Amino acid sequence: MKLNIPRGTFDLLPGQVEKWQYVENKIRDLCRSYHFSEIRTPIFERTELFQRGVGETTDIVEKEMYSFEDRSGRSLTLRPEGTASVVRSFVEKKMYVEPQPTKLYYMGPMFRYERPQSGRYRQFHQFGVEVFGTEEPDVDAEIIDLGYRLYTSLGLSGVKVELNSVGCPDCRPNHREAMVEYLATKKDQLCQDCQSRLNRNPMRILDCKKESCRQATEKAPRMIHYLCSKCAPHFEAVKEYLDELAVPYEVNTRMVRGLDYYTQTAFEFVLEGKGGGSLGGGGRYNGLVQEVGGPDMAGIGFAVGLERIFLALEEQEITLPVQTGVDCFLVTLGSEAKKYGVTLLKKLRESGLSAERDYLDRKLKGQMKAADRIQAAYVAILGDQELQEKKIGVKSLITGEQETIQLDHLVEYIRNGRKS
RNA sequence: GCGGCCAUGGCGAAGUGGUUAACGCACCGGAUUGUGGCUCCGGCAUUCGUGGGUUCGAUUCCCACUGGUCGCCCCA
């Protein structure tokens, strides 16, 4: 039996992995400029954390978790998202006693048991940020801006922010009541799922993609019209700050994010046009810290899917400026030169240049080909003749020009050539 | 969980009930002495995802399984 990679996972091979590194670096730079610190939490957590943190009624918890028992019978789960773990750490490490706010970001693999398809894997990767300890609406706008800038800085176009407010435990019951009342006479027009949502989470019905449900809810009450005296001005202020930051957004009163913990601001980064998929999303979760055992402290965050970014980059035919090749390929001829060559190569490398050589005992022609194949900027040619005279041939594979220089000038020569 | 499509060398891809299973890319070697990219020449699948069936004969037909892919649900 052939051993193959598990379903829904993928190997990142050379050629592709450089693009990931580029995006990851971009993310780190961006986070540093917004003064976010990285946090790394375990890949797995106790199952209860996600049940409590993400919400029992979510699809994630109901049917997508990678749960298993360890040898002592504890139920553990590969993290399906990042927020729960970060909140757990925030509470467990008592970060709430530090001066607030706390601004954290994370990046890494997440796991959900689903049928893989375009832009969806069982092991996928997210970058996300979380801010604890402030309810100020300008923070909401600022992290939306951060996410938006990630996309634009990569060259993506047509990214749009969809914005909504899902209220808070004070105002949501009023909307819920209105929804139930409004839909009482239309229950038979709703799909199976939505009929059960009528009891569990009527607001989610607004977000159903089925045509019949959309028609039934065409004039259904929208949460933003039921916001309380705290949530309404908060929502208005978020919009104002987004205008101030020139982040293009659109209020979507149907959008209700899939996770149970959101309060007030909910948003999604979507790609306009035929692809149209969701690139990422997030929102405020003012009750979550307490739910996980901490103080009553506000939080807000988002997560974006890295695979979705690469899918969008591909669709828009954007080539990332990744660096390949080496600065110098050392060609040696003869046993004396080969022996001396290892030291020369080491010198090049110690000076910070990237350098390569032939390991297959190829002839001159083969070595030249190898140098060309790996896109070496220069080839340094060392034969026994050169070695005797303490000289070395240097050829630029870009211009094709070649000259002979003093052997101990090689590092400097390559370094100068690299700058130009 | 449900549905569509697909499965030929490292990759892409043609093909037929019985042929030495095309071709392109990549790779390796060569085109006289120590110089890459271009060109030319040569090499590179006893085998067509796995198992069964139909047949004188199957890579080609049928079934099952496995895998991939796309979609539904939901989301990143």
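So that the names make sense, note that chain A is the first sequence line, chain B the second, and so on, each numbered from 1. Everything quoted here is computed from the prediction, not taken from an experiment.
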Problem set entry | From B:A76, B:C74, B:G34, nucleotide with atom closest to A:R257 side chain | B:A76
For this session: Return the residues of residues 101-128 of chain A meeting this criterion: a heavy atom under 4.0 Å from some atom of RNA chain B. Order them by number, or give none.
Result: A:R112, A:E114, A:R115, A:Q117, A:S118, A:G119, A:R120, A:Y121, A:F124, A:Q126
For this session: Scan residues 34-54 of chain A against RNA chain B and write down, sorted by residue number, each residue with any heavy atom closer than 4.0 Å; if none is found, say none.
Result: none
Exercise. A:L306 versus A:F124: any side-chain heavy-atom pair under 4.5 Å?
Worked result: no
Problem set entry | Residues which pass salt bridge (Lys or Arg N to Asp or Glu O under 4.0 Å) with A:R349, listed by chain and number, not counting sequence neighbours | A:E356
Exercise. Tell me, which pairs form a salt bridge (charged side-chain N to carboxylate O under 4.0 Å, His left out) where one or both residues lie in residues 363-385 of chain A, sequence neighbours left out?
Worked result: none
Seminar exercise, completed: Applied to residues 297-310 of chain A, the salt bridge (charged side-chain N to carboxylate O under 4.0 Å, His left out) test, sequence neighbours excluded, yields none
Exercise. Is there a donor N/O on one and an acceptor N/O on the other, under 3.5 Å, for the side chain of A:D372 and the base of B:G36?
Worked result: yes
Exercise. Is any side-chain N of the basic residue among A:R257 and A:E81 closer than 4.0 Å to the acidic one's carboxylate O?
Worked result: no
Problem set entry | All pairs passing ring pair (Phe, Tyr, Trp, His ring centres under 6.0 Å) where residues 173-208 of chain A contributes a residue, at least two apart | A:H175-A:Y226
For this session: Return yes if a side-chain donor-acceptor contact under 3.5 Å exists between A:T217 and A:R254, otherwise no.
Result: yes
Exercise. Stem ranges for RNA chain B, with three or more consecutive Watson-Crick or G-U pairs under 3.5 Å?
Worked result: B:1-7 with B:66-72, B:10-12 with B:23-25, B:27-31 with B:39-43, B:49-53 with B:61-65
Problem set entry | Separation between the C1' atoms of B:U8 and B:C2, rounded to whole Å | 30 Å
Exercise. How does protein contact run along nucleotides 39-45 of chain B, one letter per nucleotide 5' to 3', with B for base contact, S for sugar-phosphate only, - for none, heavy atoms under 4.0 Å?
Worked result: -------
Exercise. Quick one: salt bridge (Lys or Arg N to Asp or Glu O under 4.0 Å) partners of A:D145, sequence neighbours excluded?
Worked result: none
Exercise. Taking the nucleotide of RNA chain B with the closest heavy atom to each, which residue, A:G305 or A:G8, is nearer the 5' end?
Worked result: A:G8
For this session: Indicate, yes or no, whether a donor-acceptor pair under 3.5 Å links the base of B:G36 to the side chain of A:Q367.
Result: no
For this session: Write down the distance separating the C1' atoms in B:G71 and B:A45, rounded off to the nearest Å.
Result: 35 Å
Can you give each donor-acceptor pair under 3.5 Å made by side-chain atoms of residues 325-348 of chain A, sequence neighbours left out, with the distance rounded to 0.1 Å?
from	atom 1	to	atom 2	distance (Å)
A:D327	OD2	A:S354	N	2.9
A:D327	OD2	A:S354	OG	3.3
A:D327	OD2	A:R418	NH1	3.3

Problem set entry | A:Y34 and A:Y105 aromatic centres sub-6.0 Å | no
Exercise. Without hydrogens or angle criteria, can the side chains of A:T404 and A:E386 be said to hold a donor-acceptor pair below 3.5 Å?
Worked result: no
Seminar exercise, completed: The contact string for nucleotides 25-30 of chain B, one letter per nucleotide 5' to 3', using protein heavy atoms under 4.0 Å with B, S and - for base, sugar-phosphate only and none, comes out as --SS-S
For this session: Give me the one residue out of A:E291, A:E48, A:E45 that meets salt bridge (Lys or Arg N to Asp or Glu O under 4.0 Å) with A:R88.
Result: A:E45
For this session: Identify, residue by residue, the members of residues 386-397 of chain A with a heavy atom below 4.0 Å from RNA chain B, and return them in order of residue number, or none.
Result: A:E386, A:K395, A:L397
Problem set entry | Spacing of the P atoms in B:U16 and B:U59 (rounded, Å) | 15 Å
